[in-house]
Protein chains: 2
Amino acid sequence: MTAPVGWEAIRAEVLRRIRVRDWAPGAVIPSETDLAQEFGCARATVNRALRDLAQAGVLERRRRAGTRVALHPVRRATLDIPVIRAEVEARGQAHAFRVLKHVTALPPPPVAARLGIAPAAPLRHILTLHLADGRPFLVEERWLNPAVLPDPAPDFAAMSVNEWLVMNVPYTSGDIAFSAEAAGAVEARALGIDAGAAVFVTDRTTWTDGMPITAVRLVHVPGYRLHTSL
Amino acid sequence: MTAPVGWEAIRAEVLRRIRVRDWAPGAVIPSETDLAQEFGCARATVNRALRDLAQAGVLERRRRAGTRVALHPVRRATLDIPVIRAEVEARGQAHAFRVLKHVTALPPPPVAARLGIAPAAPLRHILTLHLADGRPFLVEERWLNPAVLPDPAPDFAAMSVNEWLVMNVPYTSGDIAFSAEAAGAVEARALGIDAGAAVFVTDRTTWTDGMPITAVRLVHVPGYRLHTSL
DNA sequence: GGGGCTATTATGTACAGACATATTACGATC
DNA sequence: GATCGTAATATGTCTGTACATAATAGCCCC
(Lines give C-alpha, C1' and ligand atoms only; values in the text may rest on other atoms or scores of the structure.)
Protein backbone atom coordinates (compact mmCIF):
# COMPACT_ATOMS: atom_id res chain seq x y z
CA MET A 1 0.00 0.00 0.00
CA THR A 2 1.34 3.38 -0.88
CA ALA A 3 1.34 5.71 2.07
CA PRO A 4 -1.15 8.56 1.78
CA VAL A 5 0.50 11.88 1.17
CA GLY A 6 -0.97 15.17 2.26
CA TRP A 7 -3.52 15.74 4.98
CA GLU A 8 -6.44 15.26 2.63
CA ALA A 9 -5.12 11.85 1.63
CA ILE A 10 -4.82 10.96 5.29
CA ARG A 11 -8.36 12.13 5.92
CA ALA A 12 -9.55 9.99 3.02
CA GLU A 13 -7.69 6.96 4.33
CA VAL A 14 -9.12 7.40 7.82
CA LEU A 15 -12.61 7.76 6.34
CA ARG A 16 -12.06 4.63 4.30
CA ARG A 17 -11.10 2.63 7.35
CA ILE A 18 -14.21 3.84 9.10
CA ARG A 19 -16.40 2.98 6.15
CA VAL A 20 -15.11 -0.55 5.84
CA ARG A 21 -15.56 -0.83 9.60
CA ASP A 22 -11.88 -1.33 10.14
CA TRP A 23 -12.54 1.09 12.94
CA ALA A 24 -16.05 0.53 14.25
CA PRO A 25 -18.35 3.24 15.58
CA GLY A 26 -17.52 3.95 19.19
CA ALA A 27 -14.06 2.45 18.99
CA VAL A 28 -10.90 4.37 19.80
CA ILE A 29 -8.56 4.81 16.86
CA PRO A 30 -4.76 4.93 17.16
CA SER A 31 -3.17 8.07 18.56
CA GLU A 32 -1.89 10.85 16.35
CA THR A 33 1.67 9.82 17.13
CA ASP A 34 1.04 6.24 16.02
CA LEU A 35 -0.75 7.29 12.86
CA ALA A 36 1.97 9.78 12.02
CA GLN A 37 4.52 6.99 12.29
CA GLU A 38 2.39 4.63 10.20
CA PHE A 39 1.80 7.20 7.49
CA GLY A 40 5.33 8.48 7.66
CA CYS A 41 4.43 12.08 8.24
CA ALA A 42 4.51 14.68 10.99
CA ARG A 43 1.95 14.55 13.78
CA ALA A 44 0.67 17.97 12.76
CA THR A 45 -0.43 16.56 9.44
CA VAL A 46 -2.40 13.77 11.08
CA ASN A 47 -3.80 16.33 13.49
CA ARG A 48 -5.06 18.42 10.60
CA ALA A 49 -6.87 15.46 9.05
CA LEU A 50 -8.40 14.26 12.30
CA ARG A 51 -9.47 17.76 13.33
CA ASP A 52 -11.24 18.11 10.03
CA LEU A 53 -13.12 14.85 10.48
CA ALA A 54 -14.00 15.81 14.03
CA GLN A 55 -15.49 19.06 12.79
CA ALA A 56 -17.47 17.12 10.21
CA GLY A 57 -18.95 15.06 13.03
CA VAL A 58 -17.31 11.80 12.02
CA LEU A 59 -14.85 11.65 14.90
CA GLU A 60 -15.03 12.66 18.53
CA ARG A 61 -11.85 13.77 20.19
CA ARG A 62 -11.02 14.34 23.81
CA ARG A 63 -7.73 15.07 25.42
CA ARG A 64 -6.03 12.16 27.01
CA ALA A 65 -9.03 9.95 26.16
CA GLY A 66 -8.08 9.77 22.50
CA THR A 67 -10.05 9.85 19.28
CA ARG A 68 -13.05 7.66 18.68
CA VAL A 69 -15.41 7.08 15.78
CA ALA A 70 -18.65 8.91 16.45
CA LEU A 71 -21.36 6.59 17.70
CA HIS A 72 -24.29 8.65 16.53
CA PRO A 73 -22.82 10.27 13.47
CA VAL A 74 -24.89 13.42 13.28
CA ARG A 75 -24.94 14.49 9.70
CA ARG A 76 -23.64 17.99 9.76
CA ALA A 77 -24.88 19.90 6.77
CA THR A 78 -23.84 23.43 5.99
CA LEU A 79 -26.25 25.70 4.28
CA ASP A 80 -25.41 29.04 2.80
CA ILE A 81 -27.92 31.78 3.40
CA PRO A 82 -27.40 34.42 0.77
CA VAL A 83 -28.75 37.90 0.54
CA ILE A 84 -32.14 37.65 -1.10
CA ARG A 85 -31.08 39.62 -4.13
CA ALA A 86 -28.11 37.32 -4.66
CA GLU A 87 -30.33 34.29 -4.26
CA VAL A 88 -32.73 35.49 -6.91
CA GLU A 89 -29.99 36.54 -9.29
CA ALA A 90 -28.23 33.22 -8.85
CA ARG A 91 -31.29 31.69 -10.51
CA GLY A 92 -30.78 33.98 -13.45
CA GLN A 93 -33.81 36.06 -12.57
CA ALA A 94 -34.13 39.77 -12.08
CA HIS A 95 -34.63 40.93 -8.51
CA ALA A 96 -36.85 43.78 -7.44
CA PHE A 97 -38.67 44.65 -4.25
CA ARG A 98 -41.45 46.85 -3.03
CA VAL A 99 -41.78 48.20 0.48
CA LEU A 100 -45.40 47.55 1.39
CA LYS A 101 -45.31 49.14 4.80
CA HIS A 102 -42.82 51.04 6.92
CA VAL A 103 -43.85 52.26 10.35
CA THR A 104 -42.53 52.59 13.87
CA ALA A 105 -44.49 50.41 16.25
CA LEU A 106 -44.36 48.30 19.37
CA PRO A 107 -43.35 44.72 18.57
CA PRO A 108 -45.65 41.91 19.60
CA PRO A 109 -44.42 40.24 22.82
CA PRO A 110 -42.96 37.14 21.11
CA VAL A 111 -40.79 39.29 18.88
CA ALA A 112 -39.62 41.43 21.79
CA ALA A 113 -38.82 38.28 23.73
CA ARG A 114 -36.86 36.79 20.86
CA LEU A 115 -34.79 39.94 20.59
CA GLY A 116 -34.43 40.23 24.35
CA ILE A 117 -35.69 43.79 24.64
CA ALA A 118 -38.47 45.52 26.56
CA PRO A 119 -41.87 45.16 24.87
CA ALA A 120 -42.33 48.90 25.30
CA ALA A 121 -39.41 49.76 23.03
CA PRO A 122 -40.67 50.86 19.62
CA LEU A 123 -39.08 49.27 16.59
CA ARG A 124 -39.14 49.87 12.88
CA HIS A 125 -41.63 47.55 11.29
CA ILE A 126 -41.00 46.96 7.60
CA LEU A 127 -42.94 44.76 5.24
CA THR A 128 -41.26 44.10 1.90
CA LEU A 129 -42.32 42.08 -1.11
CA HIS A 130 -39.45 40.60 -3.11
CA LEU A 131 -39.95 39.80 -6.77
CA ALA A 132 -38.13 37.44 -9.11
CA ASP A 133 -38.61 38.37 -12.75
CA GLY A 134 -41.54 40.47 -11.63
CA ARG A 135 -43.33 37.62 -9.90
CA PRO A 136 -43.72 37.40 -6.13
CA PHE A 137 -40.88 35.49 -4.53
CA LEU A 138 -41.22 36.09 -0.83
CA VAL A 139 -42.59 38.47 1.76
CA GLU A 140 -40.13 39.84 4.28
CA GLU A 141 -41.49 41.06 7.59
CA ARG A 142 -38.82 42.77 9.64
CA TRP A 143 -38.58 44.34 13.08
CA LEU A 144 -35.52 46.53 13.23
CA ASN A 145 -33.83 48.10 16.22
CA PRO A 146 -33.64 51.81 15.33
CA ALA A 147 -30.54 52.17 17.51
CA VAL A 148 -28.42 50.71 14.71
CA LEU A 149 -29.54 53.31 12.19
CA PRO A 150 -27.51 56.48 11.57
CA ASP A 151 -29.15 59.81 12.24
CA PRO A 152 -30.36 60.55 8.74
CA ALA A 153 -31.89 57.13 8.25
CA PRO A 154 -30.92 55.45 4.98
CA ASP A 155 -33.42 55.32 2.15
CA PHE A 156 -34.81 51.82 2.26
CA ALA A 157 -36.70 52.37 -0.96
CA ALA A 158 -33.41 52.42 -2.83
CA MET A 159 -31.54 49.65 -1.00
CA SER A 160 -33.29 46.81 0.76
CA VAL A 161 -32.97 46.70 4.54
CA ASN A 162 -31.30 43.36 4.22
CA GLU A 163 -28.53 44.66 2.02
CA TRP A 164 -28.11 47.84 3.98
CA LEU A 165 -27.57 45.80 7.13
CA VAL A 166 -25.12 43.47 5.46
CA MET A 167 -23.10 46.40 4.19
CA ASN A 168 -23.24 48.46 7.37
CA VAL A 169 -23.70 46.15 10.34
CA PRO A 170 -21.83 43.14 9.09
CA TYR A 171 -20.85 39.89 10.72
CA THR A 172 -23.45 39.53 13.36
CA SER A 173 -24.44 36.41 15.22
CA GLY A 174 -27.90 35.01 15.47
CA ASP A 175 -30.10 32.03 14.99
CA ILE A 176 -32.42 30.69 12.35
CA ALA A 177 -35.47 28.50 12.41
CA PHE A 178 -37.34 27.00 9.50
CA SER A 179 -40.93 25.86 9.57
CA ALA A 180 -43.99 25.20 7.45
CA GLU A 181 -47.04 27.28 8.06
CA ALA A 182 -50.34 28.17 6.53
CA ALA A 183 -50.16 31.50 4.73
CA GLY A 184 -51.84 34.38 6.52
CA ALA A 185 -54.21 36.77 4.79
CA VAL A 186 -51.67 39.58 4.33
CA GLU A 187 -48.90 37.36 3.05
CA ALA A 188 -51.26 35.44 0.77
CA ARG A 189 -52.53 38.61 -0.84
CA ALA A 190 -49.00 39.95 -1.32
CA LEU A 191 -47.77 36.69 -2.84
CA GLY A 192 -50.89 36.19 -4.91
CA ILE A 193 -51.73 32.83 -3.38
CA ASP A 194 -54.63 31.39 -1.44
CA ALA A 195 -54.74 32.08 2.27
CA GLY A 196 -53.97 28.87 4.12
CA ALA A 197 -51.61 27.53 1.47
CA ALA A 198 -48.51 25.77 2.81
CA VAL A 199 -45.60 28.19 2.84
CA PHE A 200 -41.97 27.79 3.84
CA VAL A 201 -41.06 30.22 6.60
CA THR A 202 -37.63 31.35 7.73
CA ASP A 203 -37.33 33.12 11.09
CA ARG A 204 -34.04 34.83 11.73
CA THR A 205 -32.89 36.84 14.71
CA THR A 206 -29.55 38.62 14.78
CA TRP A 207 -27.45 40.43 17.34
CA THR A 208 -24.08 42.08 17.34
CA ASP A 209 -22.14 42.22 20.59
CA GLY A 210 -25.27 41.31 22.51
CA MET A 211 -27.24 44.20 21.05
CA PRO A 212 -30.36 43.08 19.21
CA ILE A 213 -30.40 44.11 15.57
CA THR A 214 -33.35 42.64 13.82
CA ALA A 215 -35.91 39.87 13.70
CA VAL A 216 -36.96 38.80 10.23
CA ARG A 217 -39.62 36.48 9.01
CA LEU A 218 -39.42 35.37 5.40
CA VAL A 219 -42.53 33.82 3.91
CA HIS A 220 -41.59 32.05 0.71
CA VAL A 221 -43.86 31.42 -2.20
CA PRO A 222 -45.21 27.83 -2.39
CA GLY A 223 -42.83 25.45 -4.09
CA TYR A 224 -39.73 26.98 -2.51
CA ARG A 225 -37.07 24.47 -1.55
CA LEU A 226 -34.11 25.00 0.72
CA HIS A 227 -31.19 22.96 -0.50
CA THR A 228 -28.04 21.71 1.06
CA SER A 229 -25.48 19.01 0.60
CA LEU A 230 -23.79 16.79 3.10
CA MET B 1 -2.66 47.61 22.59
CA THR B 2 -1.80 44.23 23.92
CA ALA B 3 -1.01 41.79 21.17
CA PRO B 4 -3.55 39.00 20.76
CA VAL B 5 -2.24 35.62 21.86
CA GLY B 6 -3.42 32.37 20.36
CA TRP B 7 -5.08 31.83 17.02
CA GLU B 8 -8.55 32.40 18.42
CA ALA B 9 -7.50 35.78 19.75
CA ILE B 10 -6.13 36.65 16.35
CA ARG B 11 -9.35 35.55 14.72
CA ALA B 12 -11.28 37.75 17.14
CA GLU B 13 -9.05 40.72 16.43
CA VAL B 14 -9.41 40.29 12.69
CA LEU B 15 -13.18 40.01 13.08
CA ARG B 16 -13.17 43.16 15.18
CA ARG B 17 -11.31 45.10 12.54
CA ILE B 18 -13.81 43.94 9.97
CA ARG B 19 -16.75 44.89 12.16
CA VAL B 20 -15.50 48.40 12.83
CA ARG B 21 -14.82 48.68 9.08
CA ASP B 22 -11.14 49.06 9.64
CA TRP B 23 -11.04 46.62 6.77
CA ALA B 24 -14.02 47.25 4.51
CA PRO B 25 -15.89 44.56 2.58
CA GLY B 26 -14.08 43.82 -0.65
CA ALA B 27 -10.78 45.25 0.56
CA VAL B 28 -7.58 43.26 0.70
CA ILE B 29 -6.19 42.81 4.19
CA PRO B 30 -2.46 42.59 5.00
CA SER B 31 -0.63 39.41 4.13
CA GLU B 32 -0.12 36.61 6.62
CA THR B 33 3.53 37.54 6.91
CA ASP B 34 2.72 41.14 7.77
CA LEU B 35 0.05 40.18 10.29
CA ALA B 36 2.35 37.63 11.88
CA GLN B 37 4.94 40.34 12.34
CA GLU B 38 2.38 42.78 13.73
CA PHE B 39 0.96 40.26 16.17
CA GLY B 40 4.36 38.87 17.03
CA CYS B 41 3.54 35.28 16.21
CA ALA B 42 4.33 32.66 13.61
CA ARG B 43 2.73 32.84 10.20
CA ALA B 44 1.12 29.45 10.81
CA THR B 45 -0.87 30.94 13.66
CA VAL B 46 -2.21 33.75 11.51
CA ASN B 47 -2.91 31.20 8.80
CA ARG B 48 -5.02 29.16 11.19
CA ALA B 49 -7.10 32.18 12.16
CA LEU B 50 -7.61 33.39 8.60
CA ARG B 51 -8.42 29.92 7.32
CA ASP B 52 -11.09 29.61 9.96
CA LEU B 53 -12.67 32.91 8.98
CA ALA B 54 -12.51 31.95 5.33
CA GLN B 55 -14.37 28.74 6.07
CA ALA B 56 -16.97 30.73 7.95
CA GLY B 57 -17.51 32.80 4.84
CA VAL B 58 -16.16 36.03 6.28
CA LEU B 59 -12.98 36.12 4.25
CA GLU B 60 -12.10 35.08 0.72
CA ARG B 61 -8.60 33.89 0.06
CA ARG B 62 -6.74 33.27 -3.15
CA ARG B 63 -3.14 32.48 -3.71
CA ARG B 64 -1.03 35.36 -4.74
CA ALA B 65 -4.11 37.60 -4.84
CA GLY B 66 -4.23 37.79 -1.07
CA THR B 67 -7.05 37.77 1.45
CA ARG B 68 -10.05 40.05 1.14
CA VAL B 69 -13.12 40.68 3.23
CA ALA B 70 -16.09 38.90 1.66
CA LEU B 71 -18.28 41.26 -0.33
CA HIS B 72 -21.43 39.20 -0.07
CA PRO B 73 -20.96 37.54 3.27
CA VAL B 74 -23.07 34.41 2.85
CA ARG B 75 -24.20 33.37 6.26
CA ARG B 76 -23.02 29.84 6.59
CA ALA B 77 -25.11 27.95 9.07
CA THR B 78 -24.43 24.39 10.10
CA LEU B 79 -27.29 22.18 11.05
CA ASP B 80 -27.01 18.82 12.69
CA ILE B 81 -29.30 16.15 11.39
CA PRO B 82 -29.66 13.53 14.06
CA VAL B 83 -31.12 10.07 13.88
CA ILE B 84 -34.83 10.44 14.50
CA ARG B 85 -34.72 8.47 17.71
CA ALA B 86 -31.95 10.68 19.06
CA GLU B 87 -33.88 13.78 18.05
CA VAL B 88 -36.97 12.66 19.93
CA GLU B 89 -35.05 11.54 22.98
CA ALA B 90 -33.14 14.82 23.06
CA ARG B 91 -36.49 16.44 23.79
CA GLY B 92 -36.91 14.16 26.75
CA GLN B 93 -39.61 12.16 25.03
CA ALA B 94 -39.90 8.44 24.46
CA HIS B 95 -39.40 7.28 20.90
CA ALA B 96 -41.31 4.48 19.23
CA PHE B 97 -42.18 3.66 15.66
CA ARG B 98 -44.59 1.53 13.70
CA VAL B 99 -43.94 0.17 10.24
CA LEU B 100 -47.14 0.94 8.35
CA LYS B 101 -46.14 -0.68 5.10
CA HIS B 102 -43.23 -2.67 3.76
CA VAL B 103 -43.28 -3.88 0.19
CA THR B 104 -41.05 -4.27 -2.83
CA ALA B 105 -42.18 -2.06 -5.65
CA LEU B 106 -41.12 0.05 -8.58
CA PRO B 107 -40.26 3.60 -7.54
CA PRO B 108 -42.09 6.47 -9.17
CA PRO B 109 -39.95 8.08 -11.90
CA PRO B 110 -38.94 11.15 -9.83
CA VAL B 111 -37.54 8.92 -7.09
CA ALA B 112 -35.67 6.75 -9.57
CA ALA B 113 -34.27 9.86 -11.19
CA ARG B 114 -33.14 11.31 -7.87
CA LEU B 115 -31.33 8.09 -7.04
CA GLY B 116 -29.97 7.79 -10.56
CA ILE B 117 -31.18 4.26 -11.22
CA ALA B 118 -33.34 2.59 -13.83
CA PRO B 119 -37.07 3.06 -13.18
CA ALA B 120 -37.53 -0.68 -13.73
CA ALA B 121 -35.38 -1.60 -10.73
CA PRO B 122 -37.59 -2.63 -7.82
CA LEU B 123 -36.86 -1.07 -4.45
CA ARG B 124 -37.98 -1.65 -0.92
CA HIS B 125 -40.75 0.76 -0.08
CA ILE B 126 -41.16 1.35 3.64
CA LEU B 127 -43.62 3.62 5.37
CA THR B 128 -42.93 4.24 9.03
CA LEU B 129 -44.73 6.30 11.63
CA HIS B 130 -42.49 7.71 14.36
CA LEU B 131 -43.99 8.55 17.74
CA ALA B 132 -42.82 10.87 20.50
CA ASP B 133 -44.35 9.99 23.84
CA GLY B 134 -46.91 7.96 21.95
CA ARG B 135 -48.04 10.86 19.78
CA PRO B 136 -47.35 11.06 16.05
CA PHE B 137 -44.10 12.87 15.32
CA LEU B 138 -43.40 12.25 11.68
CA VAL B 139 -44.07 9.91 8.80
CA GLU B 140 -41.03 8.45 7.08
CA GLU B 141 -41.43 7.26 3.52
CA ARG B 142 -38.37 5.46 2.30
CA TRP B 143 -37.22 3.88 -0.94
CA LEU B 144 -34.30 1.58 -0.22
CA ASN B 145 -31.89 -0.06 -2.62
CA PRO B 146 -32.07 -3.78 -1.71
CA ALA B 147 -28.50 -4.23 -2.94
CA VAL B 148 -27.20 -2.82 0.34
CA LEU B 149 -29.06 -5.37 2.45
CA PRO B 150 -27.39 -8.59 3.61
CA ASP B 151 -28.91 -11.87 2.48
CA PRO B 152 -31.04 -12.56 5.52
CA ALA B 153 -32.54 -9.07 5.56
CA PRO B 154 -32.49 -7.42 8.97
CA ASP B 155 -35.67 -7.19 10.98
CA PHE B 156 -36.87 -3.65 10.49
CA ALA B 157 -39.60 -4.13 13.03
CA ALA B 158 -36.97 -4.26 15.77
CA MET B 159 -34.59 -1.57 14.54
CA SER B 160 -35.67 1.31 12.36
CA VAL B 161 -34.29 1.38 8.85
CA ASN B 162 -32.70 4.68 9.63
CA GLU B 163 -30.69 3.32 12.52
CA TRP B 164 -29.81 0.11 10.73
CA LEU B 165 -28.37 2.13 7.88
CA VAL B 166 -26.41 4.40 10.18
CA MET B 167 -24.91 1.44 11.95
CA ASN B 168 -24.21 -0.65 8.87
CA VAL B 169 -23.74 1.67 5.90
CA PRO B 170 -22.22 4.62 7.66
CA TYR B 171 -20.71 7.82 6.37
CA THR B 172 -22.44 8.22 3.10
CA SER B 173 -22.78 11.34 1.03
CA GLY B 174 -25.98 12.84 -0.18
CA ASP B 175 -28.14 15.88 -0.32
CA ILE B 176 -31.06 17.30 1.55
CA ALA B 177 -33.90 19.60 0.64
CA PHE B 178 -36.49 21.17 2.89
CA SER B 179 -39.87 22.41 1.83
CA ALA B 180 -43.36 23.18 2.99
CA GLU B 181 -46.20 21.18 1.53
CA ALA B 182 -49.82 20.38 2.06
CA ALA B 183 -50.26 17.07 3.83
CA GLY B 184 -51.45 14.23 1.61
CA ALA B 185 -54.27 11.92 2.60
CA VAL B 186 -52.07 9.05 3.76
CA GLU B 187 -49.71 11.19 5.80
CA ALA B 188 -52.53 13.19 7.29
CA ARG B 189 -54.31 10.09 8.48
CA ALA B 190 -51.13 8.63 9.95
CA LEU B 191 -50.27 11.87 11.75
CA GLY B 192 -53.83 12.47 12.85
CA ILE B 193 -54.11 15.84 11.16
CA ASP B 194 -56.29 17.35 8.47
CA ALA B 195 -55.36 16.64 4.89
CA GLY B 196 -54.01 19.83 3.33
CA ALA B 197 -52.44 21.10 6.57
CA ALA B 198 -49.05 22.76 6.15
CA VAL B 199 -46.31 20.25 6.94
CA PHE B 200 -42.54 20.54 7.01
CA VAL B 201 -40.96 18.07 4.62
CA THR B 202 -37.38 16.83 4.50
CA ASP B 203 -36.21 15.06 1.37
CA ARG B 204 -32.93 13.23 1.67
CA THR B 205 -31.04 11.17 -0.88
CA THR B 206 -27.88 9.29 0.00
CA TRP B 207 -25.21 7.40 -1.86
CA THR B 208 -22.03 5.67 -0.93
CA ASP B 209 -19.27 5.44 -3.50
CA GLY B 210 -21.69 6.43 -6.22
CA MET B 211 -24.10 3.61 -5.38
CA PRO B 212 -27.58 4.83 -4.50
CA ILE B 213 -28.65 3.83 -1.02
CA THR B 214 -31.93 5.38 -0.18
CA ALA B 215 -34.33 8.24 -0.76
CA VAL B 216 -36.27 9.37 2.27
CA ARG B 217 -39.11 11.77 2.68
CA LEU B 218 -39.89 12.89 6.21
CA VAL B 219 -43.25 14.54 6.77
CA HIS B 220 -43.20 16.29 10.11
CA VAL B 221 -46.19 17.01 12.27
CA PRO B 222 -47.43 20.63 12.07
CA GLY B 223 -45.53 22.95 14.38
CA TYR B 224 -42.18 21.32 13.74
CA ARG B 225 -39.27 23.74 13.57
CA LEU B 226 -35.82 23.11 12.24
CA HIS B 227 -33.30 25.07 14.25
CA THR B 228 -29.79 26.24 13.62
CA SER B 229 -27.42 28.90 14.77
CA LEU B 230 -25.07 31.13 12.83
C1' DG C 1 -13.07 0.64 50.53
C1' DG C 2 -13.04 5.58 49.81
C1' DG C 3 -10.87 10.00 49.01
C1' DG C 4 -7.55 12.68 47.18
C1' DC C 5 -2.92 13.45 45.09
C1' DT C 6 0.21 12.52 41.27
C1' DA C 7 2.04 10.61 37.06
C1' DT C 8 0.91 9.54 32.57
C1' DT C 9 -0.89 10.29 28.14
C1' DA C 10 -3.33 12.07 24.00
C1' DT C 11 -4.76 16.06 22.12
C1' DG C 12 -4.32 21.35 21.47
C1' DT C 13 -1.52 24.83 20.21
C1' DA C 14 2.62 27.29 18.91
C1' DC C 15 7.00 28.05 16.47
C1' DA C 16 10.53 28.58 12.71
C1' DG C 17 11.89 27.05 8.52
C1' DA C 18 11.05 25.09 4.10
C1' DC C 19 9.06 23.97 -0.28
C1' DA C 20 4.79 23.78 -3.39
C1' DT C 21 1.43 26.10 -6.09
C1' DA C 22 -1.53 29.33 -8.05
C1' DT C 23 -1.91 33.77 -9.88
C1' DT C 24 -0.70 38.18 -10.92
C1' DA C 25 2.44 41.67 -12.87
C1' DC C 26 5.76 42.77 -15.86
C1' DG C 27 8.70 42.68 -19.59
C1' DA C 28 10.20 40.87 -23.99
C1' DT C 29 8.95 39.56 -28.45
C1' DC C 30 6.39 39.45 -32.59
C1' DG D 1 -0.94 46.48 -29.59
C1' DA D 2 -1.43 41.64 -28.55
C1' DT D 3 0.72 37.48 -26.84
C1' DC D 4 3.68 34.72 -24.54
C1' DG D 5 7.05 33.64 -21.06
C1' DT D 6 9.06 34.67 -16.67
C1' DA D 7 9.69 36.52 -12.15
C1' DA D 8 7.52 37.90 -7.99
C1' DT D 9 4.34 37.05 -4.33
C1' DA D 10 0.69 35.34 -1.11
C1' DT D 11 -1.33 31.45 0.28
C1' DG D 12 -1.19 26.15 1.05
C1' DT D 13 1.07 22.65 3.15
C1' DC D 14 4.59 19.91 5.64
C1' DT D 15 8.20 19.08 9.16
C1' DG D 16 10.17 18.54 13.78
C1' DT D 17 10.18 20.28 18.09
C1' DA D 18 8.27 22.15 22.14
C1' DC D 19 5.20 23.21 25.73
C1' DA D 20 0.21 23.56 27.46
C1' DT D 21 -3.88 21.31 28.98
C1' DA D 22 -7.26 18.10 30.11
C1' DA D 23 -8.54 13.74 31.71
C1' DT D 24 -7.60 9.31 33.00
C1' DA D 25 -5.20 5.68 35.76
C1' DG D 26 -2.90 4.42 39.46
C1' DC D 27 -1.11 5.05 43.88
C1' DC D 28 -0.88 6.23 48.67
C1' DC D 29 -2.98 7.16 52.83
C1' DC D 30 -6.52 7.07 55.91
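Note that the structure is a prediction, hence the values are computed from the model and not measured. A note on names: the letters A, B, ... follow the listed sequences, proteins ahead of strands, and every chain is numbered from 1.
In this model, a donor atom of one side chain and an acceptor atom of the other lie less than 3.5 Å apart for A/Arg142 and A/Thr214.
The C1' atoms of five pairs define one axis at each end of the helix from C/dG1-D/dC30 to C/dC30-D/dG1, and these two axes lie 0° apart (to 10°).
The six-membered or imidazole ring of A/Phe200 lies near that of B/Phe200, with a centre-to-centre distance under 6.0 Å.
The two residues A/Cys41 and A/Ile10 have their closest heavy-atom pair at SG-CD1, 3.6 Å.
Within the 4.5 Å cutoff, the side chain of A/Val219 has heavy atoms near those of the A/Arg217 side chain. For the pair A/Val221 and A/Val199, the minimum side-chain heavy-atom distance is 4.5 Å or more.
Other residues, nucleotides and ligands contribute more than 12 heavy atoms inside 6.0 Å of the CZ atom of B/Arg21. The environment of CD in B/Glu89 is crowded: more than 12 heavy-atom neighbours from other residues, nucleotides or ligands sit within 6.0 Å.
Once rounded to the nearest 0.5 Å, the distance linking CG of A/Asp133 with NE2 of A/His95 reads 11.5 Å.
A straight line from CD of A/Gln37 to P of C/dA10 spans 13 Å, rounded to a whole angstrom.
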Exercise for the section: Spell out protein contact along nucleotides 8-14 of chain D as letters: B when the base is contacted, S when just the sugar-phosphate is, - when no protein heavy atom is under 4.0 Å; keep the 5' to 3' order. Expected result: BBBBBBS
